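This report refers to the structure that appears directly beneath it.
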There are 2 protein chains.
Amino acid sequence: MGALDAIDLAIMRTLQENGRISNAELAERVGLSPSACSRRLDMLEKSGTISGYHARLSNKALEYKMMVIVHISLSGQFAKTLTEFESAVRLCPNVLVCYLMSGEYDYILRVAAKDLEDYERIHRDWLSALPHVVKINSSFALREIIDRPNVGL
Amino acid sequence: MGALDAIDLAIMRTLQENGRISNAELAERVGLSPSACSRRLDMLEKSGTISGYHARLSNKALEYKMMVIVHISLSGQFAKTLTEFESAVRLCPNVLVCYLMSGEYDYILRVAAKDLEDYERIHRDWLSALPHVVKINSSFALREIIDRPNVGL
DNA sequence: TTCGTCTTCGCAAGGACATTCCGCAGATTC
DNA sequence: GAATCTGCGGAATGTCCTTGCGAAGACGAA
């Protein structure tokens, strides 16, 4: 797989910002003919450098107005404990992000809820039911300052 | 703005998974003629229900392998203090997410870095330079379990 | 019921677009 | 210098997107 040159990066940057423009417009923006642009895009997709395209839905429109950051501690760091916890957390549709962390807590989660009542349900039915959990700490987001899908190139 | 019916949700779900399929294929998947589908999609975009489309770039290809969760405390919660901090943090391209939080810390950030050296640079040049900060706590993600853009519909 | 209105559908047309083939030009190798 | 390789632009063809138009169903008022 060849290295990415400046035009490849321009294509990636453009599609990261506006993932549904036509190939013709993309070609014009990066200074290439449509045919050449189409070939490069095809290469970027097939090589996995661009792994997909996703519509960003307004959480407001979906009525997910509440974002909760959840810190979780487990009863141990054994491989089996971690695996069982991770398999369970993957099933909860409201968990947008989950990372195994260094530091005070074992996992950090980002959970979307419609309102406080909805979060109470998620906490009761999903989070409390996760295996090996010994401590759950929920912090509520008061305001969103930034929410980017990728690093600004 | 009218309510979203089942077909609107199907359009949103489909484009969330595959944001660059043609309108013709989208129409077929949701069981509509291309023209009707195009009109509905236009409405969803103009109303802000679909707020954009983004290519998902392989972090491996971009070499952003490190994800850091940063907790930040400010010297006060005055409106001016918050505004100045937020204006500054918006300028840092490595900050993917920033929320004003309830609880122990004032802000929580998700920062992408290429490696530890890169994070050291970000910490020195950006995070430490943010105004009114009195405490920065960095936690490193050891492994990504979940990273969804939206709630699973 | 019957009429008018509103919404949203499908169909058709023409203009734009995506993709593929082909030839060319510059770089690299032998 | 010839062969090879790579990546470009132009042309062609089949497909797609968009807009205008008429029709069908839902709904309320006379």
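Naming convention: chains lettered A, B, ... in sequence-line order (proteins, then strands); numbering from 1 in each chain. Values below: every heavy atom of this structure, side chains too, minus hydrogens, waters and symmetry copies. Note that the structure is a prediction, hence the values are computed from the model and not measured.
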Under 4.0 Å protein heavy-atom contacts per nucleotide of nucleotides 17-23 of chain C, with B for base, S for backbone only and - for none: SSSBB--

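With no hydrogens or angles considered, a side-chain donor-acceptor pair links A:Y53 and A:E45 at under 3.5 Å. A:E84 and A:H132 share a side-chain donor-acceptor pair at under 3.5 Å. Between the side chains of B:Y119 and B:S138, a donor-acceptor pair is found at a separation under 3.5 Å.
Across the protein-nucleic acid pair, A:L4 atom CG and D:dG7 atom C1' stand 16 Å apart, rounded to whole Å. Rounding to whole angstrom units, CG of residue B:L41 and P of D:dC17 are separated by 10 Å. Rounded to whole Å, atom P of D:dC17 lies 12 Å from atom CD of B:E45. Rounded to an integer number of Å, the gap from CG of A:L32 to P of D:dG10 is 11 Å. The distance from atom CD of A:E28 to atom P of C:dA16 is 14 Å, rounded to the nearest whole Å. One atom, CG of A:L44, and another, P of D:dG7, lie 12 Å apart when rounded to the nearest Å. Atom CE of A:M43 and atom C1' of D:dG7 are 11 Å apart (whole Å).
For B:D125, the salt bridge (Lys or Arg N to Asp or Glu O under 4.0 Å) test picks out no residue, with sequence neighbours left out. Residues forming a salt bridge (Lys or Arg N to Asp or Glu O under 4.0 Å) with A:R143 (at least two apart in sequence, or on another chain): B:E86.
Using bins of under 30°, 30° to 60° and over 60° for the plane-to-plane angle, the ring pair B:H71/A:H71 lands in the tilted bin.
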